[in-house]
K.L.:
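Once you've had a glance at the structure underneath, I'll fire off some questions.
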Number of protein chains: 4
Amino acid sequence: MVARMPHSCPRKRRTGRPRSVETDRAILDAARAALVDLGWGRFTMGDVAARAGVAKTTLYRRWAHKNELVVDAVAVLFDELELPDRGSLQADIEGVVLQFGRLLERPETKAALMAVVAESTTDAALRERIRTAIVDRQMRLVVLGRERAQERGELPPDPPDHDGARAAAETVGLIFDVIAGTVVHRTLVSAEPVDTVWARRLATILLEGLAGLD
Amino acid sequence: MVARMPHSCPRKRRTGRPRSVETDRAILDAARAALVDLGWGRFTMGDVAARAGVAKTTLYRRWAHKNELVVDAVAVLFDELELPDRGSLQADIEGVVLQFGRLLERPETKAALMAVVAESTTDAALRERIRTAIVDRQMRLVVLGRERAQERGELPPDPPDHDGARAAAETVGLIFDVIAGTVVHRTLVSAEPVDTVWARRLATILLEGLAGLD
Amino acid sequence: MVARMPHSCPRKRRTGRPRSVETDRAILDAARAALVDLGWGRFTMGDVAARAGVAKTTLYRRWAHKNELVVDAVAVLFDELELPDRGSLQADIEGVVLQFGRLLERPETKAALMAVVAESTTDAALRERIRTAIVDRQMRLVVLGRERAQERGELPPDPPDHDGARAAAETVGLIFDVIAGTVVHRTLVSAEPVDTVWARRLATILLEGLAGLD
Amino acid sequence: MVARMPHSCPRKRRTGRPRSVETDRAILDAARAALVDLGWGRFTMGDVAARAGVAKTTLYRRWAHKNELVVDAVAVLFDELELPDRGSLQADIEGVVLQFGRLLERPETKAALMAVVAESTTDAALRERIRTAIVDRQMRLVVLGRERAQERGELPPDPPDHDGARAAAETVGLIFDVIAGTVVHRTLVSAEPVDTVWARRLATILLEGLAGLD
DNA sequence: TCGTAACCGAGACGGTACGTCTCGTCTTGGA
DNA sequence: TCCAAGACGAGACGTACCGTCTCGGTTACGA
């Protein structure tokens, strides 16, 4: 078997016919379309192959399991995440919340995200893939907003010593869990929209809460 | 097809052999055991039937799909949720967080919860079943903690008019999304434990944040 | 368990509620109707019970297996077999052939007969039941026709000794196999009708053939 | 669905992995073995698959129903039918009768033949398959014996005109129904063996009967 | 320019679970 | 004791997907 990741090792193989990049794109597009049409439950590798005009073999040459394909298919949506500087920490938090909300309200994300997270509870490799492909892309925004707030003086700078760094990392993790978790819960469990009013209330809670944290 | 819910209509059928309550229990117990051993992904109706010493038919007579069976099997765990009065809102919130955390760290819950939530995105009936069987049981604790705080005077009483009631409901919903969502994210995505220190920090954020919400 | 044959032991049980004779009739009628509608392949005990307005239990109280029920249901049709004296052996043979043909062209017979014969290859009890309920009723006609021909002097009388009787029995068996077998094959395998022209030709062959048998 | 017949269209598909001929053979062998061991009633697709070391899917890819599989499995036995020239029509008829008898006394044939004939009463496609796979192979022997007898001058040649040909075909059909039907009835219903004495008597009846036919 | 290595489509394959069906038995309550 | 209703254990059914394999054939590099 050859490397089962798209273009993973750029300097490995040189001979033979190279994999088609168009095919990669077609498959990921087909996968997202299939998620929209069928949801995760009836999502089928065979169906994706048919949509992409490709053989099943071609899929399995690139992804070992359908959950990995879905992670990659959804991951590109999280590349779009960006955080324009809105001038204040409050506004930036609202921005992050709205960005997350918008992404989770897309049918392909909604259908797939919790499914792969569920499978990741018994599959460490999948969990790692989700982290690098999706979670880290979200976390970036939280880290970025925090750095901006520190530059603006809205938050104190990170202490330089080891313990301080660890405490800062834990705080970032907590904030991230609050933002991402709350938005996910709102969207998938409560099944209600993430609008600007709601985003403002959540941002307010977080901001005030962080101020009182210590 | 006959009613596919255990004991759904108490006054409907009177003739024929009644369904065995022991069988119900055996199936739900077997389902939880199967979740622990296999996780959601390899969870099988046939396996549950075998564990329960029961025919597959008997399962399908009661539950149309395996996700509904799993919801009911997991739901009884959420019956155990209770909130002893710890004397302060801060302590009560910590209590709720810890209760949720303890429940989500159980292997049967961890494996199943996100899976059924994922399927519920394309299945309204399942979503409703999850709400009544699981979500409402969690929400109860949040409502209870809030009422206690209002009795203690830590929180203002609900305004009696219609708009006030709606606003209160929305606030409860927000708090619930924050608590449940954050705990779920911590447990399943960040894959880290919910301990007392973390619970205290989350409770602090919430308490301070709510104070500033106005 | 009680006797599993309809009214088999006339002097056995006296206590308790007696079995309804109407029910017997309703079941056999329903069974024939089911055979007509569904054929043997989709014939179901549950369906027969529903048609008869009767519980499945009631069927199984009378017949141990569905093939036995079907034998009895079809058997009553063979009670109708009779052979009016047409004045000559040739005419009587034609009559037998036509009677058999008419019976085998009925949809309930066509669907069921070969099916139960097929099952009888691995079930001696069923084979016996078929013999007494169906085969003997057919054989009667052949025996009757032969006796009439002997009375008319068209056939020599049976020799009184033991060997002669056995030879006569074997000849009757052969004739019966020819008539019944040929009609069945014509009807079910060749799938063509048994009309008077065909019956005359078969009767002629038999008559001439028997004359030359010695 | 794809063609559900083994190698049905020799010039159709060229792409994709071709079906394994070994697998075909293994399945048919397994089917015959299963018939011998279990009879038709307990014959199972799953069991055949297991015996053949093959997945159930592989069976259903080739045969839509178990009765079609059984027809094909049994059909190859009828390929062995052959009629050595025994020098006279009487001897040749005896030969045909004995051949049929020998085949029908094999356990796989006995168990299966009537079962599929029974199902063919409500399934035209199956009836056609039986005709080409089994009936025609038997009929061949009757036609062959007749041609030999005509060459020997024991029977008059077929008249060349249309009506004569039709009459000849009908006569062949009648003879075939008599031979095959009588042997089947002897074997399956009367459940007695087809030995040389019995064969001689049946052949005599036929020969004399045909002579007197017109 | 030619070989070779990897690509690609189509589809057969072993395996496994699905959800349904029917069988024949058992368990109610009522007649 | 019989009956209608229907739950029950057992197990085959035919389908759907999984992920692998085997074909015939194509495409790009490098020797």
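Order of the sequence lines sets the chain letters (A, B, ...), proteins ahead of strands, with each chain counted from 1.
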K.L.:
Between atom CG in C/L59 and atom P in F/dA4, what is the gap in whole Å?
P.N.:
10 Å

K.L.:
Check C/R129 with C/D72, please: is the shortest side-chain N to carboxylate O separation under 4.0 Å?
P.N.:
yes

K.L.:
Closer to the 5' end of DNA chain F via nearest nucleotide, is it B/T57 or C/G53?
P.N.:
C/G53

K.L.:
Using whole Å, report how far CZ of A/R17 lies from P of F/dT27.
P.N.:
6 Å

K.L.:
Let me know the distance between OH of A/Y60 and P of F/dT22, rounded to the nearest Å.
P.N.:
17 Å

K.L.:
Do any side-chain nitrogens or oxygens of C/K66 fall under 4.0 Å of OP1 or OP2 in E/dC23?
P.N.:
yes

K.L.:
Would B/R51 and B/D37 pass as an ion pair if we require N to O under 4.0 Å?
P.N.:
yes

K.L.:
Output the rounded distance in Å from CZ (B/R51) to P (F/dG9).
P.N.:
17 Å

K.L.:
Side-chain N or O of C/H65 less than 4.0 angstrom from OP1 or OP2 on E/dC23?
P.N.:
no

K.L.:
Would you kindly check whether a donor in the side chain of A/T44 faces an acceptor in the base of F/dA16, or vice versa, at under 3.5 angstrom?
P.N.:
no

K.L.:
Give a yes/no answer on whether the side chain of B/R62 brings an N or O atom under 4.0 Å of OP1 or OP2 in F/dC8.
P.N.:
yes

K.L.:
Toward the 5' end of DNA chain E, which comes first, C/F43 or D/G16, by nearest nucleotide?
P.N.:
D/G16

K.L.:
Would you kindly give the CE-to-P distance between B/M45 and F/dA16, to the nearest whole Å?
P.N.:
19 Å

K.L.:
In whole angstrom, give the distance that lies between atom CG of A/D47 and atom P of F/dT15.
P.N.:
19 Å

K.L.:
Calculate the interatomic distance between A/W63 atom CH2 and F/dG19 atom P; express it in whole Å.
P.N.:
14 Å

K.L.:
Both conditions, 6.0 Å and 45 degrees, for the charged tip of D/K110 above the ring of D/W40: are they met here?
P.N.:
no

K.L.:
Give a yes/no on whether any side-chain N or O of C/R61 is located under 4.0 angstrom from OP1 or OP2 of F/dC2.
P.N.:
no

K.L.:
In plain terms, say whether A/D29 and A/R25 are close enough for a salt bridge, that is, a side-chain N and a carboxylate O under 4.0 Å apart.
P.N.:
yes

K.L.:
Hey, does the side chain of A/T58 come within less than 4.0 Å of E/dG9's phosphate (OP1/OP2), counting only N and O?
P.N.:
yes

K.L.:
I need the CD-P distance between A/E22 and E/dC8, as an integer number of Å.
P.N.:
11 Å

K.L.:
Whether the side chain of D/K56 and the base of F/dG14 hold a donor-acceptor pair under 3.5 Å is what I'd like checked.
P.N.:
yes

K.L.:
Supply the atom-to-atom distance D/I27 CD1 to D/R32 CZ, rounded to the nearest 0.5 angstrom.
P.N.:
12.0 Å

